[in-house]
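Below is one structure, written out as structure tokens, with a few remarks after it.
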Amino acid sequence: MTTQDSSGSAPKPPAKDPWDLPDVSGLSVGVLGGTGPQGRGLAYRLARAGQKVTVGSRDAARAEQAAAELGFGVEGADNAECARRSDIVIVAVPWDGHAKTLQSLREELAGKLVIDCVNPLGFDKKGAYALKPEEGSAAEQAAALLPDSRVTAAFHHLSAVLLQDESIEEIDTDVLVLGEVRADTDLVQALAGRIPGMRGIFAGRLRNAHQVESLVANLISVNRRYKAHAGLRTTDV
């Protein structure tokens, strides 16, 4: 029987614990751009943590070679096949190929949870600087191009060097996760948490993705100045 409070309304259920995240260990992960530094590093870390991973490339043979080098059961395929066989798909392609790649995979990515980690950046003699896509951010561009997918944004602030360094056991950083549906961002947070040392932190809706993507330009400056591989930690969380 449901009890009522003094106003006659049923009491509100207790707030959900933000750290009560789903089990994602049985989900397969595809990495588009999995032969590039960032994609390869993410594929390695997730596979090393026990996730089923497929790396994708425009060239299936190149993807298969990268998969063999990564080990841990990683498989390689062309981007379309990578998308088809995966429950979660990480987009780690270069910014200049972002739109074209996603347009070509709209059908294969339909119904999938898509994690966009692309940072629109430019470079000149002064260093890295943020670009602002017409849609507002790379993640919002992905959402516009993939109306039948569940688009989120995460994994922007990770050093490809650290991700690929086999001697490093833990990656000491937080992963800011953005999206429109809390159930989807919970899945992404849980996936980030599969990598030792990482936490996934909910950071708002996709409309806030631009500043998250842009912050990478600042981290590049930090890393160059201090010869480091800086990431982020969120305090008091």
Side-chain angles (χ1 to χ4, degrees), residues 22 24-47 49-70 72-120 133-156 175 177-181 183-192 194 206 209 213:
V24 296
S25 60
L27 299 180
S28 59
V29 178
V31 184
L32 305 180
T35 59
Q38 193 79 357
R40 187 184 179 100
L42 284 168
Y44 170 71
R45 287 292 162 178
L46 289 169
Q51 211 75 32
K52 176 66 176 174
V53 176
T54 301
V55 292
S57 173
R58 290 177 297 177
D59 183 344
R62 187 180 177 196
E64 290 166 0
Q65 179 181 351
E69 293 169 354
L70 289 169
F72 295 101
V74 176
E75 298 178 352
D78 63 46
N79 281 330
E81 179 59 26
C82 173
R84 277 192 291 267
R85 69 172 64 167
S86 303
D87 301 308
I88 301 173
V89 180
I90 298 173
V91 181
V93 300
W95 167 241
D96 58 7
H98 184 260
K100 184 177 180 180
T101 299
L102 296 184
Q103 285 172 336
S104 70
L105 298 173
R106 178 173 173 174
E107 182 177 341
E108 290 82 1
L109 291 171
K112 307 286 185 176
L113 176 58
V114 174
I115 306 173
D116 199 296
C117 70
V118 175
N119 302 303
E134 181 179 350
E135 297 85 356
S137 64
E140 288 169 295
Q141 183 183 85
L145 294 171
L146 304 172
D148 299 318
S149 302
R150 296 142 52 209
V151 176
T152 60
F155 299 118
H156 300 91
V175 173
V177 180
L178 302 97
E180 300 302 315
V181 178
D184 292 338
T185 56
D186 282 354
L187 287 169
V188 181
Q189 287 180 252
L191 185 66
R194 294 275 289 160
L206 289 185
E213 297 168 1

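Interatomic distance, CD of Glu107 versus CG of Leu146, reported as 12.5 Å (0.5 Å rounding). Here the CG atom belonging to Leu191 is positioned 8.0 Å from the CG atom belonging to Leu27, to the nearest 0.5 angstrom. Rounding to the nearest 0.5 angstrom, the gap separating the OG atom in Ser57 from the CG atom in Asp78 is 8.5 Å.
Sequence neighbours left out, the pairs with a member in residues 90-102 that pass side chain to side chain donor-acceptor pair (under 3.5 Å) are His98-Asp116, His98-Gln141. The list of side chain to side chain donor-acceptor pair (under 3.5 Å) pairs with a residue in residues 142-156, not counting sequence neighbours, reads Arg150-Asp184.
The shortest non-hydrogen separation linking Ile115 to Ala153 is CG2-C, 4.4 Å. A pairwise comparison of heavy atoms in Gly56 and Asn79 identifies C-OD1, 3.1 Å as the closest pair. Residue Ala138 comes nearest to Pro120 through the heavy atom pair CB-CG, 3.8 Å, listed as atom of the first residue, atom of the second, then distance. Between Ala139 and Ala209, the shortest heavy-atom distance links the atoms CB-CB, 3.9 Å. In terms of heavy atoms, Ser86 sits closest to Thr54 at OG-CB, 4.4 Å. For the residue pair Gly76 and Glu64, the shortest heavy atom distance occurs at O-CG, 3.6 Å.
In this structure, Arg62 places its CZ atom where only 12 or fewer heavy-atom neighbours from other residues, nucleotides or ligands lie under 6.0 Å away. Around the CZ atom of Arg58, the shell of radius 6.0 Å holds no more than 12 heavy atoms that belong to other residues, nucleotides or ligands.
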Review point. Do Val188 and Ile88 pass the side chain to side chain contact (heavy atoms under 4.5 Å, CB included) test, and can you show the C-alpha distance, the side-chain angles, and the key distance before you say yes or no?
Key: CA-CA 9 Å; Val188 181; Ile88 301 173; 5.9 Å; no
Review point. Does the side chain to side chain contact (heavy atoms under 4.5 Å, CB included) test come out yes or no for Val55 and Arg40, once each step is laid out?
Key: CA-CA 8 Å; Val55 292; Arg40 187 184 179 100; over 6 Å; no
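Under the 4.5 Å side-chain criterion, counting only non-hydrogen atoms from C-beta, Lys52 is not in contact with Asp87. Between Ser137 and Leu206, the closest side-chain pair of non-hydrogen atoms is not below 4.5 Å.
Although no hydrogens or angles enter the test, the distance criterion places no donor-acceptor pair under 3.5 Å between the side chain of Glu108 and the main chain of Glu81. With hydrogens and angles disregarded, no donor-acceptor distance shorter than 3.5 Å links the side chain of Gln65 to the backbone of Thr35.
Here the options are Leu70, Leu46, Leu42, the test is side chain to side chain contact (heavy atoms under 4.5 Å, CB included), and the partner is Val53; only Leu46 passes. Among Val118, Val114, Leu105, the one residue that satisfies the side chain to side chain contact (heavy atoms under 4.5 Å, CB included) test with Leu32 is Leu105.
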